[in-house]
Amino acid sequence: MADDDRLEPYEVFVQWRRGKPHEHAETITASDPDMALHLAKRNVDVRGEPVSIWVSPRAAMRTTTGDDTTLTPSTDRGYRSVQWYSENDVEERG
Amino acid sequence: MTMSVTDLSPDVRDAATAFLLAIADDEFVAGHRFTDWVAVGPTMEEDNALASIAQDELGHARLWYEYVADALDGDLDDLALNRPASERRNTVLVESPHEDFAAAIAVNVLYDAAEVLFLEALHDGDVAEIAARAAQALNEEAFHREHADLWLDRLTATEEGRARLTAAFQEAIPRAADLFAFDADRSEALVEGGVLARPVSDLAVDWAATVRADLDGSPLPLDETLEGIEPEGAPAQNGRRGEHTPALESLVTQLHPDNVVGDHPINRYQP
(Lines give C-alpha, C1' and ligand atoms only; values in the text may rest on other atoms or scores of the structure.)
Protein backbone atom coordinates (compact mmCIF):
# COMPACT_ATOMS: atom_id res chain seq x y z
CA MET A 1 0.00 0.00 0.00
CA ALA A 2 1.27 3.46 -0.81
CA ASP A 3 2.73 5.41 2.11
CA ASP A 4 0.01 8.00 2.03
CA ASP A 5 -2.81 5.44 1.73
CA ARG A 6 -3.77 6.85 -1.63
CA LEU A 7 -4.85 4.76 -4.57
CA GLU A 8 -2.21 4.19 -7.22
CA PRO A 9 -2.36 3.47 -10.95
CA TYR A 10 -1.54 -0.07 -12.09
CA GLU A 11 -0.94 -1.09 -15.68
CA VAL A 12 -2.78 -4.24 -16.72
CA PHE A 13 -1.43 -6.68 -19.31
CA VAL A 14 -3.63 -9.43 -20.70
CA GLN A 15 -2.77 -12.57 -22.61
CA TRP A 16 -5.78 -13.41 -24.74
CA ARG A 17 -4.52 -16.65 -26.25
CA ARG A 18 -2.01 -19.22 -25.10
CA GLY A 19 1.41 -18.64 -26.67
CA LYS A 20 0.60 -15.02 -27.55
CA PRO A 21 2.25 -12.06 -25.80
CA HIS A 22 0.64 -10.16 -22.95
CA GLU A 23 -0.77 -6.92 -24.31
CA HIS A 24 -1.34 -3.72 -22.40
CA ALA A 25 -5.10 -3.56 -21.81
CA GLU A 26 -5.87 -0.73 -19.39
CA THR A 27 -4.99 1.12 -16.24
CA ILE A 28 -6.54 0.17 -12.91
CA THR A 29 -6.59 2.35 -9.81
CA ALA A 30 -6.13 0.34 -6.64
CA SER A 31 -4.66 0.43 -3.15
CA ASP A 32 -2.09 -2.33 -3.68
CA PRO A 33 -0.97 -5.00 -6.17
CA ASP A 34 -3.22 -7.80 -4.88
CA MET A 35 -6.31 -5.61 -5.08
CA ALA A 36 -5.21 -4.37 -8.51
CA LEU A 37 -5.00 -7.93 -9.83
CA HIS A 38 -8.34 -8.82 -8.24
CA LEU A 39 -10.09 -5.82 -9.79
CA ALA A 40 -8.38 -6.38 -13.13
CA LYS A 41 -10.05 -9.80 -13.33
CA ARG A 42 -13.44 -8.15 -13.73
CA ASN A 43 -12.33 -4.95 -15.41
CA VAL A 44 -10.95 -6.50 -18.57
CA ASP A 45 -13.43 -7.83 -21.09
CA VAL A 46 -14.08 -11.16 -19.41
CA ARG A 47 -16.26 -12.27 -22.29
CA GLY A 48 -13.00 -12.53 -24.24
CA GLU A 49 -11.83 -15.22 -21.78
CA PRO A 50 -8.32 -14.03 -21.00
CA VAL A 51 -5.66 -16.69 -20.40
CA SER A 52 -3.57 -14.69 -17.97
CA ILE A 53 -3.34 -11.19 -16.46
CA TRP A 54 -0.33 -9.27 -15.19
CA VAL A 55 -0.45 -6.03 -13.20
CA SER A 56 2.41 -3.69 -12.43
CA PRO A 57 2.41 -0.44 -10.48
CA ARG A 58 3.00 2.35 -12.94
CA ALA A 59 5.59 3.74 -10.53
CA ALA A 60 7.69 0.59 -11.09
CA MET A 61 7.78 1.14 -14.86
CA ARG A 62 10.29 3.21 -16.80
CA THR A 63 9.25 4.61 -20.13
CA THR A 64 10.87 6.58 -22.93
CA THR A 65 9.70 10.05 -23.84
CA GLY A 66 8.18 10.85 -27.20
CA ASP A 67 11.31 12.46 -28.67
CA ASP A 68 13.93 10.05 -27.37
CA THR A 69 16.80 10.24 -29.89
CA THR A 70 18.50 7.16 -28.47
CA LEU A 71 15.73 5.04 -29.96
CA THR A 72 16.64 5.71 -33.61
CA PRO A 73 20.08 5.69 -35.24
CA SER A 74 21.04 8.89 -37.06
CA THR A 75 23.48 7.30 -39.54
CA ASP A 76 22.33 5.33 -42.56
CA ARG A 77 22.21 1.63 -41.71
CA GLY A 78 20.54 0.54 -44.89
CA TYR A 79 23.45 -1.86 -45.57
CA ARG A 80 22.05 -4.09 -42.84
CA SER A 81 18.88 -4.62 -44.77
CA VAL A 82 18.29 -7.61 -47.05
CA GLN A 83 16.94 -5.28 -49.74
CA TRP A 84 20.40 -5.35 -51.43
CA TYR A 85 20.10 -8.99 -52.32
CA SER A 86 18.45 -9.12 -55.71
CA GLU A 87 15.91 -11.85 -56.30
CA ASN A 88 16.55 -11.48 -60.07
CA ASP A 89 20.19 -12.41 -59.62
CA VAL A 90 19.22 -15.58 -57.85
CA GLU A 91 16.86 -16.48 -60.66
CA GLU A 92 19.49 -15.78 -63.34
CA ARG A 93 22.02 -18.03 -61.63
CA GLY A 94 19.45 -20.75 -61.06
CA MET B 1 -24.23 -43.25 -7.57
CA THR B 2 -25.59 -40.78 -10.08
CA MET B 3 -29.27 -40.46 -10.79
CA SER B 4 -31.72 -38.19 -12.47
CA VAL B 5 -34.44 -35.99 -10.99
CA THR B 6 -36.98 -38.43 -12.41
CA ASP B 7 -35.54 -41.17 -10.16
CA LEU B 8 -36.47 -39.22 -7.01
CA SER B 9 -39.55 -40.10 -5.01
CA PRO B 10 -42.32 -37.47 -5.22
CA ASP B 11 -41.64 -36.35 -1.63
CA VAL B 12 -37.93 -35.84 -2.23
CA ARG B 13 -38.61 -34.14 -5.54
CA ASP B 14 -40.98 -31.68 -3.83
CA ALA B 15 -38.46 -31.06 -1.06
CA ALA B 16 -35.74 -30.40 -3.67
CA THR B 17 -37.95 -27.96 -5.56
CA ALA B 18 -38.78 -26.05 -2.38
CA PHE B 19 -35.13 -25.99 -1.27
CA LEU B 20 -33.83 -24.81 -4.65
CA LEU B 21 -36.54 -22.14 -4.84
CA ALA B 22 -35.24 -20.79 -1.53
CA ILE B 23 -31.66 -20.87 -2.87
CA ALA B 24 -32.83 -19.09 -6.05
CA ASP B 25 -34.55 -16.45 -3.91
CA ASP B 26 -31.31 -15.98 -1.93
CA GLU B 27 -29.35 -15.42 -5.12
CA PHE B 28 -31.97 -13.15 -6.64
CA VAL B 29 -32.31 -10.84 -3.66
CA ALA B 30 -28.55 -10.83 -2.92
CA GLY B 31 -27.83 -10.07 -6.57
CA HIS B 32 -30.44 -7.35 -6.70
CA ARG B 33 -28.92 -5.61 -3.68
CA PHE B 34 -25.47 -5.67 -5.29
CA THR B 35 -26.90 -4.02 -8.42
CA ASP B 36 -27.69 -1.00 -6.23
CA TRP B 37 -23.95 -0.23 -6.38
CA VAL B 38 -23.95 0.36 -10.11
CA ALA B 39 -22.61 3.88 -10.74
CA VAL B 40 -22.11 4.62 -7.02
CA GLY B 41 -19.29 2.20 -6.12
CA PRO B 42 -16.27 3.63 -4.27
CA THR B 43 -14.15 3.56 -7.45
CA MET B 44 -14.96 2.81 -11.07
CA GLU B 45 -13.03 -0.44 -10.84
CA GLU B 46 -14.84 -1.57 -7.70
CA ASP B 47 -18.12 -0.50 -9.27
CA ASN B 48 -17.44 -2.95 -12.09
CA ALA B 49 -16.44 -5.70 -9.65
CA LEU B 50 -19.65 -5.27 -7.64
CA ALA B 51 -21.75 -5.14 -10.80
CA SER B 52 -20.05 -8.30 -11.95
CA ILE B 53 -20.80 -10.04 -8.65
CA ALA B 54 -24.42 -8.88 -8.95
CA GLN B 55 -24.59 -10.31 -12.44
CA ASP B 56 -23.12 -13.62 -11.24
CA GLU B 57 -25.67 -13.94 -8.42
CA LEU B 58 -28.56 -13.09 -10.73
CA GLY B 59 -27.19 -15.69 -13.15
CA HIS B 60 -27.15 -18.27 -10.35
CA ALA B 61 -30.72 -17.29 -9.47
CA ARG B 62 -31.66 -17.95 -13.08
CA LEU B 63 -30.04 -21.41 -12.99
CA TRP B 64 -32.18 -22.42 -10.00
CA TYR B 65 -35.39 -20.65 -11.12
CA GLU B 66 -35.07 -22.51 -14.42
CA TYR B 67 -34.87 -25.78 -12.54
CA VAL B 68 -37.91 -24.86 -10.42
CA ALA B 69 -39.86 -23.59 -13.43
CA ASP B 70 -39.26 -26.98 -15.07
CA ALA B 71 -40.29 -28.89 -11.96
CA LEU B 72 -43.46 -26.85 -11.38
CA ASP B 73 -44.22 -26.27 -15.03
CA GLY B 74 -44.07 -22.58 -14.14
CA ASP B 75 -42.63 -19.47 -15.75
CA LEU B 76 -39.06 -18.30 -15.09
CA ASP B 77 -39.91 -14.57 -15.07
CA ASP B 78 -42.96 -15.03 -12.87
CA LEU B 79 -40.90 -16.98 -10.34
CA ALA B 80 -38.17 -14.37 -10.19
CA LEU B 81 -40.10 -11.15 -10.61
CA ASN B 82 -43.75 -11.69 -9.85
CA ARG B 83 -43.92 -13.35 -6.45
CA PRO B 84 -44.95 -11.19 -3.49
CA ALA B 85 -42.51 -10.97 -0.57
CA SER B 86 -44.63 -13.35 1.51
CA GLU B 87 -44.11 -16.15 -1.03
CA ARG B 88 -40.33 -15.78 -1.12
CA ARG B 89 -38.07 -18.00 0.97
CA ASN B 90 -34.73 -16.17 0.95
CA THR B 91 -32.76 -15.52 4.13
CA VAL B 92 -33.46 -12.12 5.68
CA LEU B 93 -29.66 -11.60 5.67
CA VAL B 94 -29.76 -10.47 2.04
CA GLU B 95 -32.87 -8.25 2.22
CA SER B 96 -31.56 -4.98 3.63
CA PRO B 97 -30.28 -2.34 1.25
CA HIS B 98 -26.50 -1.87 1.64
CA GLU B 99 -26.50 1.46 3.44
CA ASP B 100 -22.70 1.48 3.50
CA PHE B 101 -19.87 -0.17 1.56
CA ALA B 102 -19.02 -2.08 4.76
CA ALA B 103 -22.55 -3.51 4.71
CA ALA B 104 -21.93 -4.85 1.20
CA ILE B 105 -18.71 -6.50 2.37
CA ALA B 106 -20.42 -7.97 5.46
CA VAL B 107 -23.07 -9.58 3.22
CA ASN B 108 -20.32 -10.65 0.83
CA VAL B 109 -18.48 -12.40 3.70
CA LEU B 110 -21.52 -13.97 5.38
CA TYR B 111 -23.69 -14.84 2.41
CA ASP B 112 -21.06 -16.14 0.00
CA ALA B 113 -19.62 -18.40 2.71
CA ALA B 114 -23.08 -19.98 3.04
CA GLU B 115 -23.69 -20.08 -0.70
CA VAL B 116 -20.48 -22.03 -1.28
CA LEU B 117 -21.56 -24.60 1.33
CA PHE B 118 -25.03 -25.02 -0.22
CA LEU B 119 -23.56 -25.34 -3.70
CA GLU B 120 -20.91 -27.85 -2.63
CA ALA B 121 -23.50 -30.02 -0.89
CA LEU B 122 -25.67 -29.95 -4.04
CA HIS B 123 -22.67 -30.53 -6.29
CA ASP B 124 -21.54 -33.54 -4.23
CA GLY B 125 -25.09 -34.92 -4.22
CA ASP B 126 -26.27 -37.70 -6.51
CA VAL B 127 -28.72 -35.88 -8.76
CA ALA B 128 -27.00 -35.18 -12.06
CA GLU B 129 -29.10 -32.19 -13.21
CA ILE B 130 -28.73 -30.44 -9.86
CA ALA B 131 -25.01 -31.20 -9.44
CA ALA B 132 -24.29 -29.80 -12.90
CA ARG B 133 -26.04 -26.51 -12.12
CA ALA B 134 -24.19 -26.25 -8.79
CA ALA B 135 -20.85 -26.76 -10.58
CA GLN B 136 -21.60 -23.82 -12.88
CA ALA B 137 -22.39 -21.50 -9.99
CA LEU B 138 -19.45 -22.71 -7.85
CA ASN B 139 -17.04 -21.64 -10.60
CA GLU B 140 -17.83 -17.99 -9.95
CA GLU B 141 -17.84 -18.18 -6.17
CA ALA B 142 -14.04 -18.22 -5.90
CA PHE B 143 -13.98 -14.60 -7.09
CA HIS B 144 -16.70 -13.62 -4.61
CA ARG B 145 -14.81 -15.13 -1.69
CA GLU B 146 -11.59 -13.47 -2.85
CA HIS B 147 -13.45 -10.15 -3.02
CA ALA B 148 -14.70 -10.58 0.55
CA ASP B 149 -11.28 -11.60 1.90
CA LEU B 150 -9.35 -8.78 0.22
CA TRP B 151 -11.78 -6.07 1.33
CA LEU B 152 -11.99 -7.44 4.85
CA ASP B 153 -8.21 -7.08 5.12
CA ARG B 154 -8.17 -3.61 3.68
CA LEU B 155 -11.15 -2.15 5.56
CA THR B 156 -9.78 -3.41 8.87
CA ALA B 157 -6.53 -1.50 8.21
CA THR B 158 -8.01 1.87 9.17
CA GLU B 159 -9.94 3.09 12.17
CA GLU B 160 -12.86 4.27 10.05
CA GLY B 161 -13.00 0.95 8.22
CA ARG B 162 -12.99 -0.99 11.49
CA ALA B 163 -15.80 1.13 12.93
CA ARG B 164 -17.97 0.74 9.83
CA LEU B 165 -17.31 -2.99 9.47
CA THR B 166 -18.02 -3.64 13.13
CA ALA B 167 -21.37 -1.87 12.83
CA ALA B 168 -22.15 -3.75 9.61
CA PHE B 169 -21.42 -7.18 11.11
CA GLN B 170 -23.28 -6.37 14.32
CA GLU B 171 -26.30 -5.65 12.18
CA ALA B 172 -25.87 -8.51 9.67
CA ILE B 173 -24.86 -11.51 11.82
CA PRO B 174 -28.17 -11.66 13.76
CA ARG B 175 -30.04 -11.50 10.44
CA ALA B 176 -28.08 -14.54 9.23
CA ALA B 177 -29.73 -16.71 11.90
CA ASP B 178 -32.22 -18.14 9.39
CA LEU B 179 -29.65 -19.12 6.73
CA PHE B 180 -29.91 -22.81 7.59
CA ALA B 181 -33.33 -22.78 9.29
CA PHE B 182 -35.01 -25.03 6.72
CA ASP B 183 -37.79 -27.43 7.64
CA ALA B 184 -35.99 -30.28 9.43
CA ASP B 185 -38.00 -33.17 7.95
CA ARG B 186 -37.60 -31.91 4.42
CA SER B 187 -33.87 -31.33 4.91
CA GLU B 188 -33.52 -34.91 6.11
CA ALA B 189 -35.42 -36.14 3.06
CA LEU B 190 -32.98 -34.23 0.84
CA VAL B 191 -30.01 -36.04 2.36
CA GLU B 192 -31.69 -39.46 2.31
CA GLY B 193 -32.84 -38.89 -1.25
CA GLY B 194 -29.30 -38.00 -2.36
CA VAL B 195 -30.02 -34.38 -3.35
CA LEU B 196 -27.72 -32.98 -0.66
CA ALA B 197 -24.44 -34.72 0.15
CA ARG B 198 -24.53 -33.41 3.73
CA PRO B 199 -27.22 -32.46 6.25
CA VAL B 200 -28.14 -28.78 6.41
CA SER B 201 -27.30 -28.83 10.14
CA ASP B 202 -23.69 -29.77 9.25
CA LEU B 203 -23.53 -26.90 6.80
CA ALA B 204 -24.64 -24.54 9.58
CA VAL B 205 -21.75 -25.72 11.77
CA ASP B 206 -19.26 -25.31 8.92
CA TRP B 207 -20.60 -21.86 8.10
CA ALA B 208 -20.16 -20.67 11.69
CA ALA B 209 -16.60 -22.03 11.65
CA THR B 210 -15.82 -20.27 8.34
CA VAL B 211 -17.18 -16.95 9.57
CA ARG B 212 -15.29 -17.30 12.85
CA ALA B 213 -12.09 -18.06 10.94
CA ASP B 214 -12.68 -14.98 8.75
CA LEU B 215 -13.37 -12.67 11.67
CA ASP B 216 -11.46 -14.06 14.66
CA GLY B 217 -8.14 -12.94 13.24
CA SER B 218 -9.48 -9.49 12.41
CA PRO B 219 -9.15 -6.56 14.79
CA LEU B 220 -12.93 -6.11 14.93
CA PRO B 221 -14.49 -6.23 18.42
CA LEU B 222 -17.08 -8.86 17.46
CA ASP B 223 -16.63 -11.49 20.20
CA GLU B 224 -20.06 -10.81 21.66
CA THR B 225 -21.79 -10.79 18.27
CA LEU B 226 -20.05 -14.02 17.24
CA GLU B 227 -21.21 -15.79 20.39
CA GLY B 228 -24.70 -15.95 18.92
CA ILE B 229 -23.58 -17.35 15.59
CA GLU B 230 -24.28 -21.03 16.29
CA PRO B 231 -28.03 -21.17 15.92
CA GLU B 232 -29.94 -22.51 18.89
CA GLY B 233 -33.65 -22.95 18.44
CA ALA B 234 -35.74 -21.12 15.88
CA PRO B 235 -34.51 -17.74 14.59
CA ALA B 236 -36.53 -14.70 15.64
CA GLN B 237 -37.38 -14.06 12.00
CA ASN B 238 -37.19 -16.91 9.51
CA GLY B 239 -37.15 -16.03 5.82
CA ARG B 240 -37.26 -19.75 5.03
CA ARG B 241 -40.83 -19.68 6.36
CA GLY B 242 -41.75 -16.49 4.55
CA GLU B 243 -41.13 -14.19 7.54
CA HIS B 244 -39.54 -11.17 5.89
CA THR B 245 -38.51 -7.62 6.69
CA PRO B 246 -40.17 -4.58 5.06
CA ALA B 247 -36.97 -4.28 2.96
CA LEU B 248 -38.04 -7.26 0.84
CA GLU B 249 -41.47 -5.74 0.36
CA SER B 250 -39.87 -2.56 -0.96
CA LEU B 251 -37.57 -4.56 -3.25
CA VAL B 252 -40.56 -6.31 -4.82
CA THR B 253 -42.32 -2.95 -5.19
CA GLN B 254 -39.21 -1.51 -6.87
CA LEU B 255 -39.31 -4.36 -9.36
CA HIS B 256 -42.77 -3.21 -10.43
CA PRO B 257 -42.72 0.44 -11.40
CA ASP B 258 -46.01 1.53 -12.96
CA ASN B 259 -44.45 3.08 -16.06
CA VAL B 260 -43.43 -0.09 -17.89
CA VAL B 261 -45.76 -0.64 -20.80
CA GLY B 262 -46.38 -3.55 -23.17
CA ASP B 263 -46.04 -7.25 -22.53
CA HIS B 264 -43.10 -6.98 -20.15
CA PRO B 265 -43.26 -9.88 -17.66
CA ILE B 266 -43.62 -7.56 -14.65
CA ASN B 267 -46.97 -6.41 -16.01
CA ARG B 268 -48.37 -9.84 -15.19
CA TYR B 269 -47.83 -9.12 -11.47
CA GLN B 270 -50.97 -9.08 -9.39
CA PRO B 271 -50.13 -8.10 -5.82
Side-chain angles (χ1 to χ4, degrees), chain A residues 1-68 70-71, chain B residues 30-31 34-35 37-60 62 101-102 104-105 108-109 112 136-165 214 217-219:
Chain A
M1 206 168 283
D3 287 343
D4 56 4
D5 278 352
R6 278 171 191 273
L7 303 180
E8 273 191 288
Y10 286 80
E11 299 304 338
V12 180
F13 301 86
V14 180
Q15 186 187 34
W16 293 105
R17 288 172 57 198
R18 247 168 245 292
K20 297 288 179 190
H22 285 69
E23 291 171 5
H24 183 255
E26 61 186 0
T27 306
I28 289 272
T29 307
S31 55
D32 57 280
D34 290 331
M35 187 55 102
L37 182 61
H38 177 72
L39 292 173
K41 288 179 186 176
R42 297 297 177 98
N43 275 274
V44 299
D45 182 3
V46 286
R47 285 164 300 185
E49 295 184 26
V51 177
S52 125
I53 299 179
W54 294 346
V55 294
S56 169
R58 184 184 290 163
M61 301 176 72
R62 299 294 177 269
T63 63
T64 55
T65 55
D67 55 355
D68 191 331
T70 60
L71 279 177
Chain B
F34 278 110
T35 64
W37 285 101
V38 172
V40 294
T43 64
M44 279 202 299
E45 290 83 348
E46 178 58 19
D47 200 295
N48 281 344
L50 290 166
S52 177
I53 289 173
Q55 206 173 29
D56 290 346
E57 304 294 32
L58 292 173
H60 302 172
R62 188 188 178 99
F101 184 62
I105 299 307
N108 188 186
V109 170
D112 283 295
Q136 262 181 288
L138 266 177
N139 257 344
E140 292 173 334
E141 280 305 309
F143 181 83
H144 300 186
R145 289 288 292 158
E146 187 176 283
H147 186 265
D149 289 347
L150 287 171
W151 274 114
L152 205 52
D153 273 2
R154 279 147 191 80
L155 291 183
T156 50
T158 66
E159 202 173 317
E160 184 186 357
R162 287 192 290 276
R164 287 180 184 234
L165 264 184
D214 282 348
S218 80

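Per chain, numbering begins at 1; letters A, B, ... match sequence-line order. Small disclaimer: the values here were computed from a predicted structure and weren't measured.
With a threshold of 4.5 angstrom between heavy atoms, B/T43 approaches chain A through side-chain atoms but not through N, CA, C or O. Neither the backbone nor the side chain of B/D149 has a heavy atom closer than 4.5 Å to any heavy atom of chain A.
A side chain to side chain contact (heavy atoms under 4.5 Å, CB included) with B/E46 is found for exactly one of A/T29, A/L39, A/N43, namely A/L39.
With sequence neighbours excluded, the residues that form a side chain to side chain contact (heavy atoms under 4.5 Å, CB included) with A/A40 are A/V12, A/I28, A/I53, A/V55. In this view, B/A51 and B/V38 satisfy the side chain to side chain contact (heavy atoms under 4.5 Å, CB included) rule, not counting sequence neighbours.
Between B/E45 and A/T27, the shortest heavy-atom distance links the atoms OE2-O, 4.1 Å. Contact between B/N48 and A/R42 at its shortest, heavy atoms only, is CB-O, 4.1 Å.
For A/W16, the CH2 atom counts as densely surrounded, since its 6.0 Å shell holds more than 12 non-hydrogen atoms of other residues, nucleotides or ligands. Atom CD of B/Q55 has 12 or fewer heavy atoms from other residues, nucleotides or ligands within 6.0 Å. Within 6.0 Å of the CZ atom in B/R162, the count of heavy atoms belonging to other residues, nucleotides or ligands exceeds 12.
Using bins of under 30°, 30° to 60° and over 60° for the plane-to-plane angle, the ring pair A/H38/B/F143 lands in the parallel bin.
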